[in-house]
Colleague: 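This is the structure, below, for whatever I ask next.
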Amino acid sequence: GENVEQHPSTLSVQEGDSAVIKCTYSDSASNYFPWYKQELGKGPQLIIDIRSNVGEKKDQRIAVTLNKTAKHFSLHITETQPEDSAVYFCAARPPTGTASKLTFGTGTRLQVTL
Amino acid sequence: GAGVSQSPSNKVTEKGKDVELRCDPISGHTALYWYRQRLGQGLEFLIYFQGNSAPDKSGLPSDRFSAERTGESVSTLTIQRTQQEDSAVYLCASSRQSGGRRETQYFGPGTRLLVL
């Protein structure tokens, strides 16, 4: 089955700096890669996703890049703000079998300091 | 509109007791998922329902775990004879469909289960 690894497990940046979180996946057939943000005491919320037919996607301060050859994808947050502090999860979904059964990374705890 | 809701928000139980967790998906969402999140860890898939199809139970860790869903409405996750290792946050998510452009999963706030 699919295996997703995520690094780093914790990340501390100063407000205004950029943050990068990286994930690798094992199943080359995976074609959907969402990123979720989880704030304390809440369920994860989708912040951006990318499909295997594109290499990059941006939404304001957030961008995701995908390298299918290397089987890795990354989340980039620019001009970080204190409200970006949360746990971020990447996920991957193979196209076969149960179509939307996501495999999640272990999470990155991002802390944005003033 | 209303999001995914789960109840109870917190549950403390004694080892050996049965517990039932409830999930109300977003109206119109045909797909429903249960995940388990142990402290400081990622989300572990448990079970998936899609419309009237047979559920995908491949993530259930043991036969003490079961889940039901009637049609496209409420789902309950039951854990029998709870063990301390069952302590975790149980998250429910729903999506418009499985696969395709409308597959975004929307999560509820979770039920925090503590087994003493």
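The sequence lines fix the lettering, A, B, ..., with proteins before strands; numbering per chain opens at 1.
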Colleague: Give, for atom CZ of F107(B) and atom OH of Y36(A), the distance between the pair rounded to the nearest 0.5 Å.
Modeller: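 If I round to the nearest 0.5 Å, the distance is 5.0 Å.
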Colleague: What part of P44(A) gets closer than 4.5 Å to chain B, counting heavy atoms only: side chain, backbone, both or neither?
Modeller: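 Both parts, backbone and side chain.
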Colleague: In this structure, are over 12 heavy atoms from other groups packed under 6.0 Å from E85(B) atom CD?
Modeller: yes
Colleague: Could you tell me whether E79(A) atom CD has more than 12 heavy atoms of other residues or ligands within 6.0 Å of it?
Modeller: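 No, because the 6.0 Å sphere around CD of E79(A) holds 12 heavy atoms or fewer from other groups.
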Colleague: Does CG belonging to N52(B) count more than 12 external heavy atoms closer than 6.0 Å?
Modeller: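 Atom CG in N52(B) is not crowded, with 12 or fewer foreign heavy atoms closer than 6.0 Å.
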Colleague: I'd like to know which of Q41(B), Q37(B), E44(B) tops the heavy-atom pair count under 4.5 Å against chain A.
Modeller: Q37(B)
Colleague: Pick whichever of L91(B), L43(B), V4(B) has the most heavy-atom pairs under 4.5 Å with chain A.
Modeller: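 The answer is L43(B).
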Colleague: For Q45(A), I'd like to know if atom CD has over 12 heavy atoms of other residues, nucleotides or ligands within 6.0 Å.
Modeller: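 Not buried by this count: 12 neighbours or fewer within 6.0 Å.
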Colleague: Does atom CD of E83(A) have more than 12 heavy-atom neighbours, drawn from other residues, nucleotides or ligands, at distances under 6.0 Å?
Modeller: yes
Colleague: Just so I know, are the side chains of Y32(A) and T104(B) near enough to count as touching, which here means a heavy-atom distance under 4.5 Å?
Modeller: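 Side-chain contact under 4.5 Å: yes.
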Colleague: Supply the atom-to-atom distance S95(B) OG to L102(A) CG, rounded to the nearest 0.5 angstrom.
Modeller: 9.0 Å
Colleague: Measuring heavy-atom distances to chain B, does Q38(A) have an atom under 4.5 Å in its side chain, in its backbone, in both, or in neither?
Modeller: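 When you check distances to chain B, only side chain atoms of Q38(A) fall under 4.5 Å.
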Colleague: With a sphere of 6.0 Å drawn around CZ of R109(A), does it hold more than 12 non-hydrogen atoms of other residues, nucleotides or ligands?
Modeller: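 Check fails, neighbour count at 12 or below.
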